[in-house]
Amino acid sequence: MAALDRVKVLVLGDSGVGKSSLVHLLCHNQVLGNPSWTVGCSVDVRIHDYKEGTPEEKTYYIELWDVGGSVGSATSVKSTRAVFYNSLNGIILVHDLTNKKSSQNLYRWSLEALNRDVAPTGVLVTNGDYDREQFADNQIPLLVIGTKLDQIPETKRNEVLTRTAFLAEDFNAEEINLVSILVTSVFLLYGSDSDFLL
Amino acid sequence: MSFLIDSSIMVTSQVLFFGFGWLFFMRKLFKDYEVRQYVVQVIFSVTFAFSCTMFELIIFEILGVLNSSSRYFHWKLNLCVILLILVFMVPFYIGYFVVSNIRLLHRQKLLFACVLWLTFMYFFWKLGDPFPILSPKHGILSIEQLISRVGVIGVTLMALLSGFGAVNCPYTYMSYFLRNVTDADILALERRLLQTMDMIISKKKRIAVAHRTMFQRGEVHNKPTGFWGMIKSVTTSVAGSENLSLIQQEVDALEELSRQLFLETADLHATKERIEYSKTFQGKYFNFLGYFFSIYCVWKIFMATINIVFDRVGKTDPVTRGIEITVNYLGIQFDVKFWSQHISFILVGIIIVTSIRGLLITLTKFFYAISSSKSSNVIVLLLAQIMVSM
């Protein structure tokens, strides 16, 4: 079992956007019946066959670390959360399509997760705002997922989707828009196969 | 003519307060949420504006600014509007939003909102029964009835909040209560947390692998049925289900442990920050205030108990007594009455300002602690209700 390689992926986003439901769906192919608040971090594991069917097929463990909390938490909570950000292989940023603020907060989430890997220098160069140049050479792949698409009335969907397209572009990330996780798993499995592993 | 001037002054100040309430709502309360129903924001700001206007009118009354008759008129107007909002609109909207959160009752939202509102009115009325409010001079639906009930609720809430603040304030300020936390403690705890997470991961990997092999072998998930099936299951090792449920239980226990460890670590970080804060100048100042407040609160509680037990009514307030004592002790020529009134007035002003500030801060903290994207509207309306009652 330990012979399989492991890949650590962080799932980040504001409270209530659907991270726990997403992780549960990815790992158990089942919908999470009673989602409750995630305290701390909850991990789930999925076995994945990379490049299935080809001679280079390799099986990996994907560990999905679902970190709870909000981006505006007290510094004490942030420093506690920072313990989970070691040796990342990938980040999934989740935002709620019905709540504009959650997509704006994604910038701060990515800063929080990525700054951890930078060796702390004595001088603070940025003021915390998002700077695309800063992450131009970032090697860690990002995936942006928007949830609760079906809760937006039909008429507003287009403008919401264009807005999120800009968001994904800012991160240089791939983008997936999901319906509320109550509905279907087929859409989602497609997403996880269009893979961002090395 | 002077009436017009006074009215324009009042209206300008009201608009100012309205803007302030709006800003507070946007910047602080709803920092992480998108405002979807502007009704909530409007109601909150209006309530805030009118409450502040009431304070303003009190201050004008003491100072003697503006014409007396226009003050009276504005006072009545203010009172009517506030009561209207407090008793009719806010509960109705609270009921409406609560109902719209529950999926089942989606169709007859209005109906259920009205039902909730009627229940609220009933309890509101019942509230006044134990108190001697009803007098034959005033009718049932008069203003005095409503005000007295609102007053009851407001005083109770105020007492609760002040009591809570009185105990919480010294606790947060004083450094006496801080444990000593070193970096080594934090590191050790973090290491334990990561170890627990690793254990959880390895167990989940075993479960996942087991699921996978069972799936590939073509599914032996159902329990063996029948007599022969049961006997077979004793001999052949179905390493599957039993082992899995055991591992699953272990995983659940470990997850609970990880949550506890996370909370403890966060707590340690917070304590460490408080220790650093208390070493700064501001921290020392607050520490001193904390001692002062705790002594004051203990004295107050003591006096209140004695007053209740011995059924004594306090004649003079502490400020006047304090000044009297100082005067008699120091023998300074002091016009007690004149100064005491002004000092009390200043103290009242300070109390009002700090209570508004303290109220807003407490509201914000409370709001962050319990809100989610669904209930945010309801909570803001509840806050508006509390604000007016006080």
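Numbers restart at 1 for each chain; the letters A, B, ... are given by sequence-line order, proteins then strands.
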Segment of [X] engaging chain A (4.5 angstrom heavy-atom cut-off):
X	value
B:Ile186	neither
B:Ile201	both
B:Leu261	neither

Could you grab the distance from atom [atom1] of [X] to atom [atom2] of [Y], nearest 0.5 Å is fine?
X	Y	atom1	atom2	answer
B:Ile200	A:Glu63	CD1	CD	11.5 Å
A:Thr80	B:Asp267	OG1	CG	9.5 Å
A:Asp44	B:Ile207	CG	CD1	9.0 Å

- Message: Tell me the closest heavy-atom pair linking B:Lys204 and A:Val43, and the distance in Å.
- Response: NZ-O, 2.8 Å
- Query: Is there a donor-acceptor pair under 3.5 Å between the side chain of B:Lys205 and the backbone N or O of A:Tyr61?
  - Reply: no
- Query: Out of B:Thr265, B:Leu187, B:Leu194, which one pairs with A:Val83 under the side chain to side chain contact (heavy atoms under 4.5 Å, CB included) rule?
  - Reply: B:Leu194
- Item | Largest heavy-atom contact set with chain A, pairs under 4.5 Å, which of B:His269, B:Glu190, B:Met197, B:Glu255 | B:His269
- Query: If you draw a 6.0 Å radius around CZ in B:Arg259, do more than 12 non-hydrogen atoms from other residues or ligands fall strictly inside?
  - Reply: yes
